[in-house]
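Each chain gets a letter, A, B and so on, in the order its sequence line appears, and its residues count up from 1. Values below: every heavy atom of this structure, side chains too, minus hydrogens, waters and symmetry copies.
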Amino acid sequence: MFKTPHGEIQTPVFMNVGTQGAIKGGLSAFDLKEIGCQVELSNTYHLHLRPGEKVVKAMGGLHRFMRWDGPMLTDSGGFQVFSLASRRKITEEQVVFASHIDGRKIEMSPEDSIRIQAYLGSDIAMALDECVENPSPYEYVRVSCDRTTRWLKRCDQELRTQVSAPDAINPGQVLFGINQGGVFEDLRVKHMREIARLELPGYAIGGLAVGETAGEMYAIIDAVEPHMPPDRPRYLMGVGTPVNIIECVSRGVDFFDCVMPARNARHAHLYTWQGRINLKNEKYTLNQNPIDGKCGCHVCANFSRAYLRHLFKCEEMLAMRLAVIHNLWFYNNLMREIRTAIEEDRFDSFRNEHSSVLDRRI
RNA sequence: GUGGGUAUAGCUCAGUAGGUUAGAGCACCAGAUUGUGGAUCUGGGGGUCGUCGGUUCGAGCCCGAUUAUCCACC
């Protein structure tokens, strides 16, 4: 459990990604409530570009703007350092992007990122880091980690300034630090120990699920986890598949977020308790079953696979919307099942039952 | 009716000078996707080259006929 100004978060939790203040696929904050979402996640870089943090602040902050009244986390733009690598330059002072929209110069220092997140008014702000690509040379990762540590201290300072401002949107906003270090366990551990000294309210593991194998990812979590504060939430950024999540919960992770359920849904890849299906497959043309017979979402309660396949083949907007509702419901429900299993002290059997099944294609 | 053009994959079209197993885009069938560029990438199936005949060692390509279709004119 983790307390925020907009309510408590029951952990482990999956945070639902609404990069630009909306869930792609046509879902609003009200849909988020219905699918059982606890935490909404938005992005600093994208909202900085459109509509701009000043607009959001003038509209009363992102909670009011998008009508989401629950806990909210904002990512710092650090992932765009990775995903938009060809459009940015990093210096000690800041990162400079060429906007992916119109090419204009976007300067973002650690202070800028935090100020933007303060204007957005999220409950949890993430530190600006460099998510390094994999593979990267040891020496590059070492230098990058040291800079990310310095940036974290600057973020910490800036957040203190921002939340104490008289017109702060969310005076209760807190900062999470982010561990980096690529696939090098010694750098990971060293970096984690350094940032743990700042005694932040939460810590994330970043830079994973960027090309390394699942085995490598688990090994790094096993190495880093003992050095994370035991009484603070641990957030594994950008992960993952249902099996990744179960495996990482068993390794002590509390927070997850991932674009996969929503992105896959938009491409007709849907999750079931038996595995993943591709609704565009011809074999569903006359299939009268719901996506998942055990699912409690309103899509499964009402619509056949055949109808959803038809909507996808016709590229109706409704196809994406219904598919995203199902996949996000599935993920949020998966976390609910995990929490219940933990409470009832049967997580190991839950893990054994589902880990070999959920990620397979059927 | 006359003259001319066209006919190649489900669709739109390439196909050099007559020379192995006829290609592309889209569509279709599949696969990938991990702090979201509604993106992208990868693979696959599918063609008696309108029909009949001729020339040639060899024809999608050249010749004749025929059918369909488009354009112009009467």
Side-chain angles (χ1 to χ4, degrees), chain A residues 14-27 39-47 49-50 73-88 97-103 113 117 122 124-134 176-180 202-214 216-217 235-245 247-248 253 255-269 271 276-285 309 312-315 317 319-321 323-324 327-328 331 359-362:
Chain A
F14 178 78
M15 303 189 286
N16 297 245
V17 182
T19 301
Q20 312 197 71
I23 305 294
K24 290 186 190 299
L27 275 64
V39 186
E40 193 275 342
L41 188 156
S42 288
N43 182 275
T44 300
Y45 167 85
H46 289 284
L47 289 170
L49 261 57
R50 292 182 300 204
L73 181 145
T74 41
D75 188 25
S76 60
F79 185 69
Q80 279 62 44
V81 175
F82 162 76
S83 65
L84 301 177
S86 62
R87 313 188 60 94
R88 55 74 175 158
F97 294 97
S99 161
H100 70 280
I101 299 167
D102 57 12
S113 175
Q117 296 183 70
S122 61
I124 300 169
M126 298 306 299
L128 184 66
D129 62 340
E130 179 190 356
C131 177
V132 287
E133 67 174 337
N134 181 57
F176 280 16
I178 305 175
N179 171 249
Q180 291 288 344
Y203 285 93
I205 301 174
L208 291 182
V210 291
E212 81 285 358
T213 66
E216 289 176 299
M217 177 170 82
Y235 166 23
L236 179 57
M237 305 185 79
V239 174
T241 70
V243 171
N244 289 158
I245 288 174
E247 289 303 309
C248 294
V253 175
F255 285 32
F256 298 88
D257 82 281
C258 190
V259 305
M260 281 181 86
R263 178 182 288 160
N264 281 345
R266 295 199 303 279
H267 296 101
H269 290 259
Y271 292 93
R276 301 146 51 213
I277 66 172
N278 182 352
L279 260 192
K280 284 188 182 176
N281 287 2
E282 197 166 31
K283 61 186 175 185
Y284 299 121
T285 305
R309 171 179 145 86
F312 268 111
K313 298 304 286 183
C314 298
E315 298 183 27
M317 284 188 288
M320 285 189 184
R321 179 176 151 77
V324 171
N327 268 4
L328 291 184
Y331 262 65
D359 282 2
R360 73 181 177 187
R361 272 302 306 270
I362 55 173

Chemist: Take nucleotides 39-44 of chain B nucleotide by nucleotide from the 5' end and write B, S or -, depending on whether a protein heavy atom sits under 4.0 Å from the base, only from the sugar-phosphate, or from neither.
Modeler: B-----
Chemist: Can you check whether A/Val81 reaches A/Arg88 side chain to side chain, under 4.5 Å on heavy atoms?
Modeler: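 A/Val81 vs A/Arg88: side chains touch.
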Chemist: Could you tell me how far B/rC11 sits from B/rC28 if I compare only their C1' atoms? Round to whole Å.
Modeler: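 Per the computed distance, 12 Å lies between those C1' atoms.
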Chemist: Does the A/Asn327 side chain pair with the main chain of A/His269, one donor and one acceptor, at a distance under 3.5 Å?
Modeler: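 The answer is yes, because a donor-acceptor pair under 3.5 Å joins these two groups.
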Chemist: My understanding is that only one of A/Thr241, A/Asn264, A/Asp359 makes a side chain to side chain donor-acceptor pair (under 3.5 Å) with A/Tyr271; could you say which?
Modeler: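 The residue from A/Thr241, A/Asn264, A/Asp359 that satisfies side chain to side chain donor-acceptor pair (under 3.5 Å) with A/Tyr271 turns out to be A/Asn264.
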Chemist: Base, sugar-phosphate, or nothing: which does A/Arg88 touch, judged by heavy atoms less than 4.0 Å apart?
Modeler: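 Contact class for A/Arg88: none.
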Chemist: Between the base of B/rG35 and the side chain of A/Gln180, is there any donor-acceptor pair under 3.5 Å?
Modeler: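 Counting by modelled atom types and ignoring angles, a donor-acceptor contact under 3.5 Å is found here.
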Chemist: B/rG31 C1' sits how many Å from A/Met260 CE, rounded?
Modeler: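 Nearest whole value for this atom pair: 13 Å.
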Chemist: What is the distance, rounded to the nearest whole Å, between atom CZ of A/Arg50 and atom P of B/rG37?
Modeler: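 In whole Å, B/rG37 P and A/Arg50 CZ are 12 Å from each other.
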Chemist: For a 4.5 angstrom cut-off between non-hydrogen side-chain atoms, does A/Arg50 reach A/Gln20?
Modeler: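 Answer yes - side chains close enough.
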Chemist: Examine the side chains of A/Tyr331 and A/Asn16 and answer whether a donor and an acceptor come within less than 3.5 Å of each other.
Modeler: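 There is no such pair between these side chains.
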Chemist: Provide, to the nearest angstrom, the distance between the CG atom belonging to A/Asp102 and the P atom belonging to B/rG37.
Modeler: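 One finds 16 Å between P of B/rG37 and CG of A/Asp102, rounded.
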Chemist: Does the side chain of A/Tyr235 come within less than 4.5 Å of A/Leu73's, by heavy atoms?
Modeler: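 The answer is yes, as the side chains (C-beta and beyond) meet within the 4.5 Å cut-off.
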Chemist: Expressed in whole Å, how much space separates the C1' atoms belonging to B/rA14 and B/rG31?
Modeler: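 So the two C1' atoms sit 29 Å from each other.
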Chemist: Could you tell me how far apart A/Ile245 (CD1) and B/rU34 (C1') are, to the nearest whole angstrom?
Modeler: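 Whole-Å distance recorded here is 10 Å.
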Chemist: For A/His46 and A/Gln80: C-alpha separation, side-chain torsions, deciding distance, then whether side-chain contact (heavy atoms from CB on, under 4.5 Å) applies.
Modeler: CA-CA 9 Å; A/His46 289 284; A/Gln80 279 62 44; 3.7 Å; yes
Chemist: Whole angstroms only, please: what is the CG-C1' distance between A/Asp359 and B/rA32?
Modeler: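 One finds 14 Å between C1' of B/rA32 and CG of A/Asp359, rounded.
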Chemist: Distance check, C1' atoms only: B/rC70 and B/rA30, in whole angstrom units.
Modeler: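 Each nucleotide's C1' atom is 39 Å from the other's.
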Chemist: Write down the distance between CD (A/Gln20) and C1' (B/rU36), rounded to a whole number of angstrom.
Modeler: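 For the pair A/Gln20 CD and B/rU36 C1', the rounded distance is 9 Å.
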Chemist: Any side-chain N or O of A/Arg276 below 4.0 angstrom from OP1/OP2 of B/rG31?
Modeler: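 Answer is no, no contact under 4.0 Å.
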Chemist: If we take the P atom in both B/rG5 and B/rA65, what is their distance in whole Å?
Modeler: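 Roughly 13 Å separates the two P atoms.
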Chemist: Nearest heavy atom decides the nucleotide; on that basis, is A/Asn244 or A/Gly25 closer to the 5' end of RNA chain B?
Modeler: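 Closest to the 5' end, via its nearest nucleotide, is A/Asn244.
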Chemist: Write down the distance between CG (A/Asp75) and P (B/rG35), rounded to a whole number of angstrom.
Modeler: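 Computing the A/Asp75:CG to B/rG35:P distance gives 10 Å.
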Chemist: Under 4.0 Å between a side-chain N or O of A/Gln80 and OP1 or OP2 of B/rU36?
Modeler: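 Looking at the OP1 and OP2 atoms of B/rU36, one of them is under 4.0 Å from a side-chain N or O of A/Gln80.
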Chemist: Between A/Asp75 and A/Tyr45, do the side chains contain an N or O donor and an N or O acceptor separated by less than 3.5 Å?
Modeler: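 There is no such pair (donor and acceptor under 3.5 Å, judged by atom type) between the side chains of A/Asp75 and A/Tyr45.
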Chemist: Say we look at B/rU66 and B/rU21: how far apart would their C1' atoms be, to the nearest angstrom?
Modeler: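 Roughly 32 Å separates the two C1' atoms.
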Chemist: Using the C1' atoms only, state how far B/rG15 lies from B/rC49, rounded to an integer number of Å.
Modeler: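 It works out to 11 Å between them.
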Chemist: Taking the side chain of A/His100 as heavy atoms from C-beta outward, which of B/rU33, B/rU34, B/rG37 is closest to it?
Modeler: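 The answer is B/rG37, which lies nearest to the side chain.
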Chemist: Determine whether a donor-acceptor pair (N or O, by modelled atom type, separation under 3.5 Å) exists between the side chain of A/Arg321 and the backbone of A/Leu27.
Modeler: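 Not confirmed, A/Arg321 side chain does not pair with A/Leu27 backbone.
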Chemist: A/Ala262 near the nucleic acid: base, sugar-phosphate alone, or nothing, with a heavy-atom cut-off under 4.0 Å?
Modeler: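 Since a base atom lies under 4.0 Å of A/Ala262, the category is base.
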Chemist: Can you tell which of B/rG31, B/rU36, B/rG37 lies closest to the side chain of A/Arg361?
Modeler: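 The nucleotide sitting nearest to the side chain is B/rG31.
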Chemist: Under 4.0 Å between a side-chain N/O of A/Asn43 and OP1 or OP2 of B/rG35, yes or no?
Modeler: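 For B/rG35, neither OP1 nor OP2 has a side-chain N or O of A/Asn43 closer than 4.0 Å.
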Chemist: At less than 3.5 Å, do the side-chain atoms of A/His46 and the base atoms of B/rU36 form a donor-acceptor pair?
Modeler: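 Looking at the base of B/rU36, it does not pair with any donor or acceptor on the side chain of A/His46 (distance under 3.5 Å).
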Chemist: Distance between the P atoms of B/rC71 and B/rC29, in whole angstroms?
Modeler: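 Each nucleotide's P atom is 35 Å from the other's.
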Chemist: Check A/Leu41 against A/Met15 and note the closest heavy-atom contact, atom names and distance.
Modeler: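 Reported closest heavy-atom pair: CD1-CE, 4.2 Å.
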Chemist: Ignoring hydrogens and geometry beyond distance, is the side chain of A/Asn278 in donor-acceptor contact with the base of B/rG31 at under 3.5 Å?
Modeler: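 Per atom types, no contact qualifies.
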Chemist: Calculate, to the nearest 0.5 Å, the distance between atoms NE2 and CZ belonging to A/His267 and A/Phe312 respectively.
Modeler: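 These two atoms lie 9.0 Å from each other.
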Chemist: What does A/Leu236 touch in the nucleic acid at a heavy-atom separation under 4.0 angstrom: a base, only the sugar-phosphate, or nothing?
Modeler: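 Counting heavy atoms under 4.0 Å across all strands, no contact is made by A/Leu236.
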Chemist: Should A/Asn281 be listed as having a side-chain N or O under 4.0 Å from OP1 or OP2 of B/rG31?
Modeler: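 Looking at the OP1 and OP2 atoms of B/rG31, one of them is under 4.0 Å from a side-chain N or O of A/Asn281.
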Chemist: When rounded to the nearest Å, what value does the distance between P atoms of B/rG43 and B/rG23 take?
Modeler: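 B/rG43 and B/rG23 have their P atoms separated by 16 Å.
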Chemist: Would you give the length of the straight line joining atom CD of A/Glu282 to atom NZ of A/Lys313, rounded to the nearest 0.5 angstrom?
Modeler: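 If we round to the nearest 0.5 Å, A/Glu282:CD and A/Lys313:NZ are 8.5 Å apart.
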Chemist: Verify the contact: side-chain N or O of A/Lys313 to OP1 or OP2 of B/rC29, cut-off strictly under 4.0 Å; return yes or no.
Modeler: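 Yes, because at least one side-chain N or O of A/Lys313 sits under 4.0 Å from OP1 or OP2 of B/rC29.
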Chemist: Is it the case that the base of B/rU33 and the side chain of A/Arg266 share a donor-acceptor contact (distance under 3.5 Å, atom types as modelled)?
Modeler: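 Check fails, no donor-acceptor contact within cut-off.
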Chemist: Take the protein atom CZ of A/Phe82 and the nucleotide atom P of B/rG35, then report the distance between them rounded to whole Å.
Modeler: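 Atom CZ in A/Phe82 sits about 9 Å away from atom P in B/rG35.
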Chemist: Out of B/rG37, B/rG35, B/rU36, which nucleotide sits closest to the side chain of A/Leu84?
Modeler: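 From the listed options, B/rG37 comes nearest.
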Chemist: For RNA chain B, what dot-bracket results from Watson-Crick or G-U pairs at under 3.5 Å, with [ ] for crossers and | for inter-strand partners?
Modeler: (((((((..((((.....[...)))).(((((.......))))).....(((((..]....)))))))))))).
